[in-house]
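The structure appears below as structure tokens.
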Amino acid sequence: MAEERRPKQCTVVLPTESMKAMAESIGVGQLQEESCAALSEEVSYRIKDIAQDALKFMHHGKRCKLTTSDIDHALKLKNVEPLYGFQSQEFIPFRFASGGGRELHFYEEKEVDLSDIINTPLPRVPLDVSLKAPKEQQKTESTEPLKAVKPGQEEEGAIQKGQGATSAEAKGKKDGLMRMKPRSTHELSVEQQLYYKEITEACVGSCEAKRAEALQSIATDPGLYQMLPRFSTFISEGVRVNVVQNNLALLIYLMRMVKALMDNPTLYLEKYLHELIPAVVTCIVSKQLCLRPDVDNHWALRDFAARLMAQSCKTFSTTTNNIQSRITKTFTKSWLDDKTQWTTRYGCIAGLSELGPDVIKTLILPRLTVEGARIKAVSDGPVVSNIDKIGADHVQSLLLKHCASVIAKARPLPDNVEQYRADYGYLGPMLCSHVVKARAQAALQAQQVNRTTLTITQPRPTLTVSQSGIGGSGGSRTPSIIKVPSSLTLMSTRPGTPTQPSPPATKYIVMATSSGSSSTQQVITRTSSSVTSTVASATSTLQPLVKLESGGSGGLGGSRPLQKYIVVSLPSSSSLESKSGVLPPSSSASPILLEARIKVDCSDSPGASTQSPH
Amino acid sequence: MAAVQDGQLNMEVEKDIKTEITNDGSGNINANSSSPGSTSSGGKSKSPAGSGEDQQTLLAVLQFLKRNKLTESVDILRREAGLSADADDSPVSDSAGAGSGGVPNVSADGGDANSLLSRVSIATPVAPPATAPPKVVAASGGEDQPDVNVVLSAYSQQGDPVLYPLYYNGLKKFIESVLDCHRAELSQVFYPLFVHMYLELVYNNHENEAKQFFEKFSGDQECYYEEDLRILSSMSKKEHMKGNETMLDFRTSKFVLRISRDSYQLLKRHLQERQNNQIWNIIQEHLYIDIFDGMPRSKSQIDAMSGSLAGEGKRDANKAKVFYGLLKEPEIEVPLDDEDEEAENEEGKPKKKKPKKDSMGSKSKKQDPNAPQQTRIPLPELKDSDKLDKIMNMKEATKKIRLGPDNLPSICFYSFLNAYQGLTAVDFTDDSSLIAGGFADSTVRVWSVTPKKLRRVKSAADLSNIDKESDDVLERIMDEKTASESKILYGHSGPVYGISFSPDRNYLLSSSEDGTVRLWSLQTFTCLVGYKGHNYPVWDTQFSPYGYYFISGGHDRVARLWATDHYQPLRMFAGHLADITCTLFHPNSNYVATGSADRTIRLWDVLTGNCVRILTGHKGPIHSLAFSPNGKFMASGATDGRVLLWDVGHGLMVGELKGHTDTIYALKFSRDGEILASGSMDNTVKLWDTLKAFDDVELDDFTAATGHIHLPENSQELLLGTYMTKSTPVIHLHFTRRNLLLAAGAYNP
């Protein structure tokens, strides 16, 4: 061992190129090769000498790490002025560059703007040294006669534990002083992990029946609170990805998950609103939610999400978090902006309207005139684009629908068309007729317009999951959702999942299966040639879903094969695998985050729309 | 000392020559008759006409001058005395076969007359039959550099660089071929030979040959020399040798080897048969071979003792008598009575005498025969407060737990948190009421670990206001307002490496990288004195157990003994070949132990300033020392992770405790000496059964006389417990008066 190493010690010297580079840096141009060699030997020797002295300082400093100050002190020993300004807390890697046949290692030195340094707030003062000793021992020492401990097996363990505790305490104290919450991990049992996987798969999968069951499970099962952080992350991440991809169907699925979570009486979502609200708001106001805005019914999603928003405002808004007012402000702000597109405008109005008649009265009614003029400009003016026209139409019907009932209640009876036109401008006459209708309906106690539910907009060819003679009910439905994640027997049912689809037109292709690793990538695509109707457009926009997951069961997804793949990243599932899932930092900064997110969603959409062919 | 030893050695040499080589006239003449030195290689020229005695005197003067490096004076004297070099050199150079040209050569001046003689007597006989001598002599004449360091010029003699590996290899082959019992002993020669041959090559500008030589043979050396080899390897030019301390160490001190007579004869015969002058010269000049009669030592025996920078300690270096016994405890007049009550009573209340003299049997009135005279060195008078403290100490001692393998101490660990500044030194007071820490940011911090807060004396203005007649004046002078659990002492301008409380807890010493030792008052929490003397970092300082004196040692290789009321040192202990890394007073305050980076421990007599023990065996810089409470034994810990136990009286290694994996920074004996606790950089505290360790060693007369001890391999039996910290290197250990073990270190996240 030693024999192999020592010869190297003898020969290690700085390369002569370094000498040349250094010489150049101080203005000596042409250095003879011999001079370089001589210099490099000399310099190497001096460096080694200094390093050996520096080691002494390290040893006496009772450290294992050589620091720059050790080298400074070693230089001082030799009566050499130490180098100043070379202290750095971080590790500074050498950068490497080559060119012109030369290789250089250098520090990257950034230019520092002094004003930046001056203006940055001062860092926290580091804590002072403190002394720590285990309490009971101190007592022992000061008062009681000393208890000697025999280090047998148990006692020794105890002592060692005691010592460990010392350090642990020390650590605890430190953390306490830094006012950091102790980090707690929420581990999920294997059953819960499987349950989570099944549920999320079903919720975003192609099988409507399974989804219904899954949502039902989310909405009713008690004891999901442990998985709540994962679900909320799943939803927020899913929305984030799918909004960019304009994947309407998945967004709808995710919103339904939100709805189901909200409906669950055993769950309290307040801690997760920082993730959920941005997701929901995104689904309300995003400029584009689907690939073909002229055809796809993204309006329904906006309505649905707006209702969710209103619901959560009602449930969670308090005087401290001010959710409702902040949401209202957000909506109003972007609605008032002239440049806002019709889609976003629609979302804002829908979001506001759902917040209740008071909001409509104070915020929407005063703007009916302006909005009417805008709609008129689109419908009467030259045909700019079909999309604008559709948007304007939808905004118009939305306004009429919501405002009518409010006006009906608030306005004294004589419904004069001219009066309406005077008050509300372009929309006046239509409002008038709606108000009349509304009054009539109110008279009939039919309070509300029958709202379209999501299921209407999503007529899907149901993948009839006729899993060999399985009846319909209860725990005997093998491939479906396991309601109580309790037993490992469900392992046996899992292999069935990918093999379900029976329609002949459907083809599942497993693209890659890496058997060795725990995560198996399965891409299952379904040729959706059978699905052609425009009604089912939502379905056909389904993207193939590539999932990273732990088990062998594949992610389901159906789509036209030509569409690009999106990756739904499931960060929580990976943390599930490692069993060390960590609670996402429930920071108090969530409101900021929320607003920022909304802004991003509103303004980033043009970029997203340029990507899409439409 | 060296002279005497050399003398013995050379007597033999001469004898050998006489018996073995009879055909060489000049050699014999030189050796027998004209012994005061007509030499060629030595360059000690003298007039042939001078009478023997005159010459001898002159020669002695010359040698003295040379030893003191007064080369010019040497030249002048030589000229004045008419010692024409040319004249008297010629006959010898004839026989030697080459013209050294009478150039005065300083190469041989390392030794004294006898050694010089012996060299000549050896060198000349072998001259004629071989081709080597011309080279040798030519070389010796070749380089004379009056102004270059004389030390260096010893290397001026020069052989054919190409032959060096051959020489070395030849010797290696020879040693490998000898009987097993001799091989281990003779192998000791390898390392110093290697070093000196390498240095010679470097000195004579054979850079490439030196490198090749190094590469070829450095692997053969014992692994514990690796550090030094690393330094050597970086030295590849003559210019590097100037100012390199390690090199100077090799040069100025002879590497000491202990070899049995038989082995030595074997080696000598071989070298003479082969006419291997190069090697023989090195052995003569740079090695000190301590020959003993008796069985050659085994490999393990040799390994146990070797490893230091300059070989083993000479046997006679450890011959001086050391009074390791304890001083008699002063009679405390205040008698102590009713023991039952005394626990409740405050120490202020006078009591009757000695209820516990039994428990401290060793400290009874009878003087220990091994103890020094009570007044051998003057010790400070006991003050009243000291007596009170002694009484407290005794009281505590009655409650002391008797430790043993079945009764191990509890350990209380004091962790320093947030010590980003780097905790470099820790000390506890003897009564465990205060902790002091030295930090790399130049501060010293003192903590009180009892509920009693640290108070400083009021300022002078405030003091003038208080009633000096009141009974509680001592309380009144303390400033309650600024009382706190810890105080910071500012004053140093470099990392604080050593720290020590005075026994009376009134003072604190700290030594720092800035080259000063500072004395702090723990009444006012201000600096009282800065002791300047070391110009380089002071690695350690330590108060005497009786106060007043203290010792400091540092990078300048000199340990200094100070008294607190003198701003200049009372003694300077010079002799270490590298930094003094740790210092410690013997419990009787008459001796001082220093550990060094040259891997030796030296014990110095405070009274005379002599070095009375040189203890070798560590393979790395020594970082901790501890005396057993009875003063008879010493423990030392080094960077190699081993603890060595020493018998101070005999100067022998008596035990080796292996187990730590990193530098041992803390060692402490329990109050009764049954347990040794060691704390290390590897985040552990280990407890060792020292009673057993000392019992297991059988000290017969022979081993005591020769120092050739068979170390029992019983580290594992002696290890009583290992206690891990989570991530806190153990920097200091302390047994309270009741035998609770306190440890301290900085938590290192």
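Chain letters run A, B, ... following the sequence lines, proteins first and then strands; every chain starts at 1.
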Sidechain N-carboxylate O distance under 4.0 Å for A:K76, A:E81: no

Ionic contact status for A:K48 with A:E42, cut-off 4.0 Å: no

Portion of B:Y497 that has a non-hydrogen atom of chain A nearer than 4.5 angstrom: both

Residue B:R402 excluded, over 12 heavy atoms near CZ under 6.0 Å: no

Selection from B:P537, B:P621, B:P729, B:A743 maximising heavy-atom pairs under 4.5 Å formed with chain A: B:P537

Verdict with supporting geometry, B:D682 and B:T661, side-chain hydrogen bond (donor to acceptor under 3.5 Å, both in side chains): CA-CA 6 Å; B:D682 62 11; B:T661 57; 3.1 Å; yes

side-chain contact (heavy atoms from CB on, under 4.5 Å) involving A:D113 - partner list, sequence neighbours excluded: A:S115, A:D116

Contact winner vs chain A - B:H623, B:E485, B:K216, heavy-atom pairs under 4.5 Å: B:H623

Identify each donor-acceptor pair in which a side-chain atom of residues 22-31 of chain A lies under 3.5 Å from a protein atom, sequence neighbours left out, and give them as a table.
residue: A:E24; atom: OE1; partner: A:R102; partner atom: NH2; Å: 3.2
residue: A:E24; atom: OE2; partner: A:R102; partner atom: NH1; Å: 3.3
residue: A:S25; atom: OG; partner: A:M22; partner atom: O; Å: 2.5

For B:F439, ring-ring contact (aromatic ring centres under 6.0 Å, His included) partners two or more places apart: none

Ion pair check, B:R557 and B:D598, cut-off under 4.0 Å: no

Under 4.5 Å from a heavy atom of chain A, the part of B:Q212 involved: neither

Leading residue by heavy atom contact count with chain A [cutoff under 4.5 Å; candidates B:T581, B:T663, B:T639, B:I435]: B:T581

Residues from residues 56-66 of chain A approaching chain B under 4.5 Å (heavy atoms): A:K56, A:F57, A:H59, A:H60, A:G61, A:K62, A:R63, A:C64

